[in-house]
Protein chains: 2
Amino acid sequence: MATIQDVAKAAGVSAMTVSNVINNHPNVRSATREKVLEAMARLDYRVNVAARNLRKGRTGTVGLAVPEVNSSYYGQLAAAIIAAAERHDLRVCIEQTGASRENELDALSLSRNRLYDGLILSTVGMGQADVERLKVDYPVVILGERIFGGPVDHVAMPNVDASQAATHHLIERGCRRIAVLRGPVTDEVDVSSLRHTGYRQALRAAGLPEDPDLVQTLHALTLRAGAERARGMVESGLDFDGVFCVTDTVAMGVLRGLADAGVRVPRQVKVIGFDNIEESEFLVPSLSTIDPDHDMMAQRAVDLLARRIEQTDPGGSESTEREEFVSDFSVVVRESTGGTGGPG
Amino acid sequence: MATIQDVAKAAGVSAMTVSNVINNHPNVRSATREKVLEAMARLDYRVNVAARNLRKGRTGTVGLAVPEVNSSYYGQLAAAIIAAAERHDLRVCIEQTGASRENELDALSLSRNRLYDGLILSTVGMGQADVERLKVDYPVVILGERIFGGPVDHVAMPNVDASQAATHHLIERGCRRIAVLRGPVTDEVDVSSLRHTGYRQALRAAGLPEDPDLVQTLHALTLRAGAERARGMVESGLDFDGVFCVTDTVAMGVLRGLADAGVRVPRQVKVIGFDNIEESEFLVPSLSTIDPDHDMMAQRAVDLLARRIEQTDPGGSESTEREEFVSDFSVVVRESTGGTGGPG
DNA sequence: TTGTATGCGTTATCAG
DNA sequence: CTGATAACGCATACAA
């Protein structure tokens with residue numbers, strides 16, 4: 001493999017000049033530049049990123065720690081983040097944490113030994129008690145629900161408000177006995193608890209009672225769990241006419257489970273989810289849901305991280321206050337709540 | 001940031017000894033080891049991976065170039081590959097190529113400037129004409145359909161056989177006018193052409209005519225394209241009683257489109273897909289499909305790549321013949337072809 | 001068992 | 001505008 005030295009020799013210049021050409025420094029005569037470029041092409045020169053990283057103290061790569069990529073939600077989030085990072089000339093390396101607190105702390109505390117310039121961490125296992133662990137000396141952006149007021153930038157969804165809006169939408173459509181399908185109860189503030197809170201607020205605002213039987217706790221927010229629970233709810237004779245699912249994935253399972261149980265959606269039961277994953281529009285019936293503007297969230301998370309990374313530069317700008325960004329949202333009305341919104 | 005030198009000073013030993021401790025070399029007295037570990041902990045020492053990479057000429061990271069991660073299929077593939085890579089102590093960095101030939105060649109010819117020890121490349125844009133470009137001096141494994149007999153290891157699906165089996169299944173179930181929904185016709189051997197071939201073989205084997213009207217070419221293998229085309233087929237009065245979709249994503253769209261058009265599946269039309277993405281089981285009706293054993297494919301791809309990487313080591317084993325691995329497959333019968341296979 | 005010296009390939013500094 | 005020198009942090013011969 002040709003090095004800068006080899007190129008320099010071949011072009012009859014110094015290594016420094018080659019480096020200047022590579023990095024588009026202005027002070028290079030175009031004749032010299034030509035010579036160097038020719039030599040580089042001839043020797044098929046490639047920069048050695050490891051050497052450059054060592055010298056610059058920067059890798060041009062950020063880590064993205066998410067529970068998994070093989071789910072619609074995180075897959076789409078990852079894609080949006082990769083795209084946003086590209087605009088900052090950053091690569092993205094994905095770490096799968098499996099939603100375990102240990103793995104999240106791992107990704108955080110090591111950040112893979114400074115393999116990354118910064119880390120975007122989607123917290124679903126860590127909690128408020130771990131907030132101290134966020135005090136690390138490299139750029140971190142938290143993407144998620146479980147940590148607030150931490151020492152790092154934070155991008156979150158409007159979970160409570162949006163869930164209230166979703167539930168309110170069901171009420172508007174005439175539902176009076178609305179079930180909520182949520183994840184396990186922990187002592188953390190997580191996606192489920194926040195969205196559950198929004199659900200309760202909507203019931204209260206409408207003067208509807210909160211029936212504990214209508215609170216359905218799943219062991220995991222999966223297709224299968226949603227399907228099984230929906231079937232179980234019908235078979236057990238539970239009286240309900242609406243379902244608010246804390247994720248679209250669960251809602252998709254619920255649609256399947258209700259179909260199994262012979263319940264018609266939206267006629268007998270209306271269903272709404274949360275996330276607006278791509279598939280929702282194409283289900284039968286198409287799924288009403290909350291759209292939290294993922295692209296914007298991804299963009300902001302990357303922008304914040306990139307800013308922090310720049311701040312660690314020698315000539316970087318002043319360190320600024322920690323930022324908390326909450327995305328916008330909208331209610332997407334489709335067939336599962338009586339809308340007409342199938343695809344196209 | 002503490003370096004090995006700082007630790008050495010703090011522990012009263014040489015940098016060499018610290019290095020030995022870090023890398024678990026045997027020849028260190030345990031007393032010395034303790035001292036060093038204590039100093040490392042006290043200074044919060046982290047190895048500088050850039051320096052180590054430069055020194056070792058190896059990064060411990062492999063690239064995975066796929067068209068996108070925000071699709072069920074590639075998301076699930078990526079997850080499987082990340083998991084398999086972990087077993088080899090390799091990190092995975094995902095490059096999204098957007099299915100463009102240029103980006104694929106890019107990922108290949110640079111391999112990001114030796115940022116990766118090797119590359120798993122899912123080819124959907126490159127073609128046989130680009131086979132020369134695969135002659136690079138670092139480990140590459142091709143995952144896909146469009147390149148055969150190339151100079152690198154190759155992991156592929158049993159596209160033709162499996163598609164024949166899928167179509168045969170429709171025939172068995174009584175279909176006589178079976179449409180195929182495929183991607184754009186190129187002059188390459190790609191997913192669509194191979195699976196289309198399998199479809200034709202099944203028709204021929206059953207003595208069924210090949211009606212060109214039943215060959216439906218989509219501009220893209222997306223949910224929307226599938227849905228729109230299915231609707232169009234019904235509205236145009238096309239006579240068909242079965243659909244073979246070259247991917248589950250398209251099939252999912254088709255189920256939606258047929259529902260829009262008021263066509264009952266499986267009663268009036270039977271549908272089968274290809275890939276067995278996770279969602280297929282939970283659709284209404286659940287989707288029959290081909291399961292090509294993705295985990296096995298991912299595992300093999302990573303194993304092959306890891307082997308090549310080892311071979312580039314100074315003390316590495318002999319270079320071996322290029323390998324071509326074709327996965328197994330099975331037909332998964334669910335409701336969309338009259339099976340009972342809903343979830344649970 | 002531990003230490004010394006050297007170089008991996010690049011770029012920042014500063015001198016010419 | 002170009003070049004010499006040094007240093008980034010680590011790991012490896014080799015010496016002690």
Side-chain angles (χ1 to χ4, degrees), chain A residues 1-37 39-40 43-60 110-117 138 312-316, chain B residues 1-37 39-40 43-60 110-115 117 138 312-315:
Chain A
M1 264 291 174
T3 74
I4 252 188
Q5 307 288 347
D6 301 331
V7 176
K9 216 166 292 172
V13 297
S14 77
M16 199 55 240
T17 300
V18 177
S19 175
N20 283 333
V21 170
I22 293 169
N23 296 287
N24 283 315
H25 281 252
N27 291 344
V28 182
R29 261 203 329 223
S30 55
T32 315
R33 180 183 306 276
E34 287 313 315
K35 265 195 312 191
V36 171
L37 288 173
M40 278 172 45
L43 298 181
D44 191 29
Y45 169 78
R46 304 293 162 76
V47 310
N48 181 322
V49 183
R52 174 181 285 176
N53 288 348
L54 174 58
R55 181 61 229 222
K56 301 236 245 198
R58 208 156 250 63
T59 67
L110 299 178
S111 190
R112 293 307 199 193
N113 305 316
R114 304 212 291 290
L115 192 59
Y116 310 137
D117 294 341
Y138 59 82
T312 64
D313 273 338
Chain B
M1 263 296 172
T3 74
I4 249 186
Q5 306 289 345
D6 301 331
V7 175
K9 215 165 293 171
V13 300
S14 78
M16 184 63 238
T17 302
V18 178
S19 176
N20 282 334
V21 170
I22 293 170
N23 296 289
N24 284 316
H25 282 249
N27 290 347
V28 182
R29 262 207 324 228
S30 54
T32 317
R33 181 183 303 277
E34 288 312 316
K35 268 196 309 190
V36 170
L37 288 174
M40 279 172 45
L43 299 180
D44 192 29
Y45 169 79
R46 304 292 162 76
V47 307
N48 182 321
V49 183
R52 173 182 286 175
N53 288 346
L54 175 57
R55 181 59 228 235
K56 304 234 269 196
R58 207 159 248 65
T59 68
L110 298 179
S111 189
R112 292 307 198 192
N113 306 316
R114 304 212 289 290
L115 193 58
D117 294 341
Y138 58 82
T312 65
D313 272 337

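Protein chains get the first letters and strands the later ones, always in sequence-line order, with residue 1 at the start of each. Quick note: numbers below take in every heavy atom, side chains included, and nothing from hydrogens, waters or symmetry partners.
Rounded to a whole Å, the CZ atom of B/R58 is 14 Å from the P atom of D/dA11. Distance CG (B/L115) to C1' (C/dT10): 15 Å, rounded to an integer number of Å. One can place CD1 of B/I4 at 14 Å from P of D/dC8, the figure rounded to the nearest angstrom. Rounding to whole angstrom units, CZ of residue B/R46 and P of D/dC10 are separated by 13 Å. Rounded to a whole Å, the CG atom of A/N20 is 12 Å from the C1' atom of C/dT10. Atom NE2 in A/H25 sits roughly 15 Å away from atom C1' in D/dG3 (whole-Å rounding). Atom pair A/Q5:CD and C/dC8:P shows a separation of 9 Å (rounding to whole Å applied). Summarising the geometry, the separation between NZ on B/K56 and C1' on D/dG9 is reported as 14 Å, rounded to the nearest angstrom.
Nearest heavy atom pair, residue B/A11 against residue B/V36, reads CB-CA, 4.1 Å. Across every non-hydrogen atom of A/H25 and A/R33, the tightest pair is O-NH2, 3.3 Å. Smallest separation of non-hydrogen atoms from B/A10 and B/A39: CB-CB, 4.1 Å.
When the side-chain nitrogen and oxygen atoms of A/N27 are compared with OP1 and OP2 of D/dC1, one or more of them lie within a distance under 4.0 Å. Taking only side-chain nitrogens and oxygens, B/R52 comes nearer than 4.0 Å to OP1 or OP2 of D/dA11. Between B/T3 and D/dC8 there is no side-chain N or O to OP1 or OP2 distance below 4.0 Å. Residue A/T17 has a polar side-chain atom (N or O) positioned under 4.0 Å from OP1 or OP2 of D/dG3. Between B/S14 and the phosphate of C/dT4, there is no side-chain N or O to OP1/OP2 separation shorter than 4.0 Å. Taking side-chain N and O atoms only, A/R55 has no distance below 4.0 Å to OP1 or OP2 of C/dA12. Distances shown here put a side-chain N or O of B/N23 below 4.0 Å from the OP1 or OP2 atom of D/dA11.
If you take CE on B/M16 and CD1 on B/I4, they are separated by 8.5 Å, rounding to the nearest 0.5 Å. To the nearest 0.5 Å, the span separating OG1 on A/T17 from NZ on A/K35 amounts to 8.5 Å. With rounding to the nearest 0.5 angstrom, the OG atom of A/S14 is 8.0 Å from the CG atom of A/N20.
At distances below 3.5 Å, not a single donor-acceptor pair connects side-chain atoms of B/T59 with backbone N or O atoms of B/N53.
Comparing B/A15 and B/A51 by the nucleotide of DNA chain C that holds the closest heavy atom to each, the one mapping nearer the 5' end is B/A15.
When each of D/dC10, C/dT11, C/dT1 is scored by its nearest atom to the side-chain atoms of B/T32, the top-ranked nucleotide is C/dT1. Of all nucleotides listed (D/dG9, D/dA11, C/dT11), D/dG9 comes nearest to the side chain of A/L54.
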Give every pair of a protein N or O atom and an N or O atom of nucleotides 14-16 of chain D that lie under 3.5 Å apart, one pair per line with the distance.
none

Does the pair B/N48 and B/T3 meet the rule for a side-chain contact (heavy atoms from CB on, under 4.5 Å), with working shown?
CA-CA 8 Å; B/N48 182 321; B/T3 74; over 6 Å; no
